[in-house]
Undergrad: 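Okay, handing you the structure first.
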Amino acid sequence: MKDQSVIYDLLVIGGGINGTGIAADATGRGLNVLLCEMNDLASSTSSNSSKLIHGGLRYLEYYEFRLVREGLAEREILLKNAPHIIWPLRFRLPHRSHLRPSWMIRIGLFMYDNLAKRATLKGSKGIKFDKNSPVVDTITKGFEYSDAWVDDARMVVLNAIAARDKGANIMTRTRCSDAKRVGDIWEVTLNDNITGEKQLVKTKALVNAAGPWVTSIFDEALKKPSPKKIRLIKGSHIIVPRIHNESQAYILQNEDKRIVFVIPYEDDFSLIGTTDIEHIGDPATACISKEETDYLISVVNGHFKHQISNKDIIATYSGVRPLLDDESDSPAAVTRDYTFEVDAPYGKAPLLSVFGGKITTYRKLSEAAVNGIINHFPDADKCITAHTALPGGDFDNQHNLQTSLEQQYSWLPHKIINRYVRSYGTLSHKILAGINSLEGMGEYFGAGLYQREVEYLIQQEWAVDLEDIIWRRSKLSLHLTEKEKSGLEYFIVTFNSSKKVTSTCE
């Protein structure tokens with residue numbers, strides 16, 4: 001077993017949005033941070049969301065006013081700090097009077113518009129649906145309001161890059177197998193899942209941000225009972241060819257009081273979800289059930305003229321949300337709020353554990369988490385994440401960046417530049433540095449993906465295998481043929497072998 005001589009200030013377990021957010025926050029305050037993730041970054045819950053930055057309109061029905069207010073305030077911050085991967089999206093809510101009366105929806109939307117400062121997004125309004133509308137003719141009126149779209153997995157990766165750029169050591173495919181206190185230091189055993197190598201690292205403080213595995217860390221690595229219970233709630237989505245050509249997303253009400261989103265997705269598709277089902281067992285085994293599929297199809301077909309069926313489904317995904325167990329009867333009613341537990345006996349190394357949360361409030365959660373242990377680091381600076389752009393986000397708007405890139409790289413097709421803007425922002429310059437022609441981009445794999453981008457993702461963004469690249473670093477799996485995927489996979493394996501890629505990215 002290799003013994004690390006360096007003593008870190010903070011070791012974060014978990015490479016989802018909360019773990020990488022905490023790492024980015026802590027490094028911004030001057031702490032020396034190591035983050036370990038047993039799989040790929042965003043490989044579980046954080047890449048399987050509904051891809052929304054929102055306050056949570058439906059949470060108002062459960063009186064989660066603080067959570068909604070915080071989400072709405074964070075929505076404004078994130079729109080400013082990550083304009084490449086987050087942008088405004090209008091939502092249409094078809095009205096069905098037997099489910100919720102108009103006055104109730106109007107009050108809810110008024111609160112949604114005004115619970116927090118709204119600087120960039122338009123307010124809500126009533127709308128009418130005519131014969132040319134994509135919704136069924138029996139629905140004649142509704143409402144429209146604003147929220148925001150996010151590339152969830154890329155937000156995780158960008159937080160990891162932000163942490164690395166300030167000195168953090170990000171170790172993917174690395175599992176924490178044991179952690180024990182030795183006085184004021186944690187001794188942590190890390191297992192490299194690629195090489196099989198073990199190493200012992202030391203840290204002054206430990207953060208358990210393992211998401212659905214937060215209690216498993218207590219059982220297996222810390223070998224002590226978890227101070228909180230969580231409920232694993234599965235949310236499933238289906239992807240189908242575009243249901244309508246409008247730019248707006250739809251939020252559909254259902255008889256069970258749940259809602260289903262229909263979101264324009266990757267230009268040619270509609271993303272439909274989510275469900276709320278209790279999940280028992282290993283979070284890694286989560287997958288969509290026939291009942292969930294039928295449920296989503298039924299809700300959509302009850303609202304849209306364009307009817308869908310199982311044969312239209314191009315892809316599905318399921319994520320398990322680790323929500324605080326508040327003993328709610330319905331999975332849909334379980335709180336999306338978060339809490340921390342700090343275990344810091346006098347003279348002992350502190351442990352902070354994160355329970356619950358949602359992607360919209362990850363930055364605020366991260367700030368609060370680091371605040372919870374910052375007294376152990378008297379020389380640390382203040383939090384800077386509220387006013388710091390995520391990597392690639394240092395530009396004013398997507399249109400201007402697109403124009404700038406098209407002028408500088410006139411040889412690159414418009415569609416590729418458009419995708420680069422929405423995935424990498426100004427990081428596009430790192431991919432394209434020194435390239436003067438399309439031929440200089442190297443081997444072509446299909447769907448606008450060239451060798452240069454693949455090499456960048458492996459060397460700079462911790463990508464290791466095919467799924468990392470075509471599902472989490474991008475969504476190109478929806479556009480690549482099976483033959484193209486096979487060719488790309490062969491290149492990745494060959495490239496990794498030649499470069500001897502490990503689980504760390506220095």
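It should be emphasised that the depicted structure is a prediction, and the values quoted were computed from it without experimental measurement.
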Undergrad: Do any N or O atoms from the side chain of T174 and from the backbone of E37 form a donor-acceptor pair under 3.5 angstrom?
TA: no

Undergrad: Among residues at least two apart in sequence or on other chains, which ones pass salt bridge (Lys or Arg N to Asp or Glu O under 4.0 Å) with E266?
TA: none

Undergrad: For L89, does its backbone N or O pair with a side-chain atom of D147 as donor and acceptor, under 3.5 Å?
TA: no

Undergrad: Answer yes or no for R164 and W462: cation-pi contact, defined as NZ/CZ to six-membered ring centre under 6.0 Å and angle to ring axis within 45°.
TA: yes

Undergrad: Specify whether F355 and F218 have parallel, tilted or perpendicular ring planes, treating 30° as the upper limit for parallel and 60° as the lower limit for perpendicular.
TA: parallel

Undergrad: Does atom NZ (K364) have a neighbourhood of more than 12 heavy atoms from anything else shown, all under 6.0 Å?
TA: no

Undergrad: Looking at N245, I'd like to know if its CG atom is crowded, meaning that more than 12 non-hydrogen atoms belonging to other residues, nucleotides or ligands lie closer than 6.0 Å.
TA: no

Undergrad: Using the six-membered ring wherever Trp is involved, compare the ring planes of Y250 and F304 and label them parallel, tilted or perpendicular (cut-offs 30° and 60°).
TA: perpendicular

Undergrad: Between D165 and A162 (side chain of the first, backbone of the second, donor and acceptor by atom type, cut-off under 3.5 Å), is there such a pair?
TA: no

Undergrad: Does the Lys NZ or Arg CZ of K51 fall within the cation-pi geometry relative to Y317 - under 6.0 Å from the ring centre and within 45° of the axis?
TA: yes

Undergrad: Could you tabulate the donor-acceptor pairs under 3.5 Å formed by side-chain atoms of residues 488-495, not counting sequence neighbours?
TA:
| from | atom 1 | to | atom 2 | distance (Å) |
| --- | --- | --- | --- | --- |
| T494 | OG1 | Y490 | O | 2.8 |

Undergrad: Under a 3.5 Å distance rule, please check whether K166 uses its side chain to pair with a backbone N or O of G30 as donor and acceptor.
TA: no

Undergrad: Got a sec, which residues hit side-chain hydrogen bond (donor to acceptor under 3.5 Å, both in side chains) with D178, two or more places apart in sequence or on another chain?
TA: K223

Undergrad: May I ask you to check whether N169 and Y8 show a side-chain donor-acceptor distance below 3.5 Å?
TA: yes

Undergrad: Quick one: CG on L427 to OH on Y420, what's the gap to the nearest 0.5 Å?
TA: 12.0 Å

Undergrad: Give a yes or no answer on whether the side chain of S46 reaches the backbone of I17 with a donor-acceptor pair at less than 3.5 Å.
TA: yes

Undergrad: Any donor-acceptor pair under 3.5 Å linking the side chain of T195 with the backbone of E197?
TA: yes

Undergrad: Tell me yes or no: between the side chains of S477 and K485, is some donor less than 3.5 Å from an acceptor?
TA: yes

Undergrad: Short question: side chain of S47, backbone of R472 - any donor-acceptor pair under 3.5 Å?
TA: no

Undergrad: Can a side-chain donor-acceptor contact be found between S146 and R90 if the only test is distance below 3.5 angstrom?
TA: yes

Undergrad: For the residue pair N18 and S366, what are the closest heavy atoms and their distance?
TA: O-OG, 3.9 Å

Undergrad: For I417, which of L401, L432, L405 qualifies under side-chain contact (heavy atoms from CB on, under 4.5 Å)?
TA: L405

Undergrad: From D40 CG over to E461 CD, what is the distance, rounded to the nearest 0.5 angstrom?
TA: 10.5 Å

Undergrad: In terms of heavy-atom contacts, does NZ of K305 have more than 12 from other residues, nucleotides or ligands at under 6.0 Å?
TA: yes

Undergrad: So among D268, D151, D267, which one has a salt bridge (charged side-chain N to carboxylate O under 4.0 Å, His left out) with K475?
TA: D151

